[in-house]
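When reading the values below, keep in mind they use all heavy atoms of this one structure, side chains included, and skip hydrogens, waters and symmetry mates.
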Amino acid sequence: MSGEMSVLDVLSRCRFFGGLSPESLQRIGAMARLVRFRKGQTIFRQGSECPGTYVVGSGVVRIFKIAPTGKEHVLHFASEGMTFLEVASMGQFPCPAHAQALEDTVCVLLPQQPFLRALKSDHDLCLQLMGSMAAWVRQLTGLLEDIVLRDATGRVARYLLRREGAGQNAEFRLPTLKKELASHLNLTSETLSRTFRRLVECKLIEMPDPQVIRITDPAGLSGVADGLPPQEFA
């Protein structure tokens, strides 16, 4: 997206607000503002006061927790069109995790209190919020299921199939460094690299570039995500 994007440009590309009437979208846009973050910049820290709901216009943000041991675990990545911190904003509790820009990033910030006032009087907006919350719970449930029930290969296969537009010959760039993706999938960087090589050797994917994935056998990859060993497709 262009660096000249507007608040309404960002909101109109956000699935969270996709069902809003033009009037509701204008109302939300009037209270929002653009905020910019440099690559590596901390957006907020766990336990800090929640500033509101963020919508990503460009760039990538990682949302992560830090264990008492210092180990980091990436909860999810927010890229163009995605929201984050909406749960804390609605619940009016402190930021539940840390957030950092992985590249130069532009977001729209919906300040908490004006947003809450709008929700109390805008039925369409409330319905959209309910749908977003349901999708978020589903995502967290899927992440827990992957960690508990799937091995490394199954987790990676499932992650790739969840990418937007995944299908025969679908090609996309990984949204972040492999170590960040490994943390998100609860794997080591070495295990993630070995898993990618295994999927390439079994002709389920191609990697024309270390950061680029091309799905060559979506049906086979789906079988791996469901627990079949990759060698069956070699």
Side-chain angles (χ1 to χ4, degrees), residues 7 10-11 14-17 20 24 27-122 125-148 175-177 179-186:
V7 165
V10 177
L11 295 179
C14 177
R15 290 188 294 273
F16 177 58
F17 298 110
L20 289 183
S24 292
R27 180 180 182 183
I28 294 301
M31 72 180 66
R33 68 177 189 271
L34 287 174
V35 289
R36 292 177 168 80
F37 304 101
R38 301 180 307 278
K39 179 180 179 179
Q41 183 176 347
T42 296
I43 299 174
F44 53 78
R45 299 184 186 278
Q46 182 175 335
S48 61
E49 182 178 352
C50 176
T53 298
Y54 289 91
V55 184
V56 182
S58 64
V60 180
V61 175
R62 70 168 182 140
I63 292 84
F64 62 100
K65 301 275 282 186
I66 300 179
T69 60
K71 180 180 179 181
E72 294 184 3
H73 179 75
V74 178
L75 298 176
H76 69 109
F77 301 102
S79 54
E80 181 180 335
M82 299 177 68
T83 59
F84 61 99
L85 209 58
E86 65 271 44
V87 176
S89 183
M90 277 297 304
Q92 302 183 68
F93 50 78
C95 298
H98 305 269
Q100 180 187 45
L102 291 179
E103 53 190 64
D104 289 345
T105 298
V106 178
C107 294
V108 161
L109 173 62
L110 297 169
Q112 185 183 58
Q113 292 306 316
F115 188 41
L116 289 175
R117 287 195 292 270
L119 288 173
K120 291 178 180 178
S121 59
D122 193 322
L125 186 57
C126 288
L127 290 177
Q128 278 296 110
L129 179 67
M130 290 174 62
S132 178
M133 295 301 100
W136 176 234
V137 171
R138 183 179 181 184
Q139 180 179 339
L140 289 179
T141 302
L143 177 60
L144 180 61
E145 178 183 313
D146 287 347
I147 292 173
V148 174
T176 184
L177 297 174
K179 68 176 182 179
E180 306 288 358
L181 178 56
S183 172
H184 176 57
L185 297 174
N186 202 33

Quick check for you: to the nearest 0.5 Å, what is the distance between Glu80 atom CD and Cys14 atom SG?
10.5 Å

Out of curiosity, Leu109 CG to Thr53 OG1, how far, rounded to the nearest 0.5 Å?
8.0 Å

Do Leu119 and Met90 make a side-chain contact, defined as non-hydrogen atoms from C-beta onward lying under 4.5 Å apart?
yes

Heavy-atom nearest pair, Val56 first then Ser79, reads CB-O, 3.3 Å

Hey, are Ser121 and Arg27 close enough side-chain-wise for a donor-acceptor pair under 3.5 Å?
yes

Any luck finding a side-chain donor-acceptor pair between Glu86 and Ser89 under 3.5 Å?
no

Do the non-hydrogen side-chain atoms of Pro111 and Arg33 ever get within less than 4.5 Å of each other?
yes

To the nearest 0.5 Å, atom CG of Leu116 lies from atom CG of Leu110 at 10.5 Å

If I take atom CZ from residue Phe37 and atom CD1 from residue Ile43, how far apart are they, to the nearest 0.5 angstrom?
4.5 Å

Shortest non-hydrogen contact from Thr105 toward Val61
CG2-CG2, 3.9 Å

Indicate the ring-plane relationship of Tyr54 and Phe84, choosing parallel, tilted or perpendicular according to the 30° and 60° boundaries.
parallel

What is the minimum heavy-atom distance between Leu85 and Pro51, and which atoms define it?
CD2-CD, 3.6 Å

For a quick test of your reading: what N or O donor-acceptor pairs under 3.5 Å do the side chains of residues 91-102 make, sequence neighbours left out?
from, atom 1, to, atom 2, distance (Å)
His98, ND1, Gln46, N, 3.3
Gln100, OE1, Arg62, NE, 3.0
Gln100, OE1, Arg62, NH2, 3.1
Gln100, NE2, Gly40, O, 3.1

Test item: Asp104 side-chain N/O and Arg38 main-chain N/O as donor-acceptor pair under 3.5 Å
no

Does Phe77 reach the side chain of Ile63, with side-chain heavy atoms less than 4.5 Å apart?
no

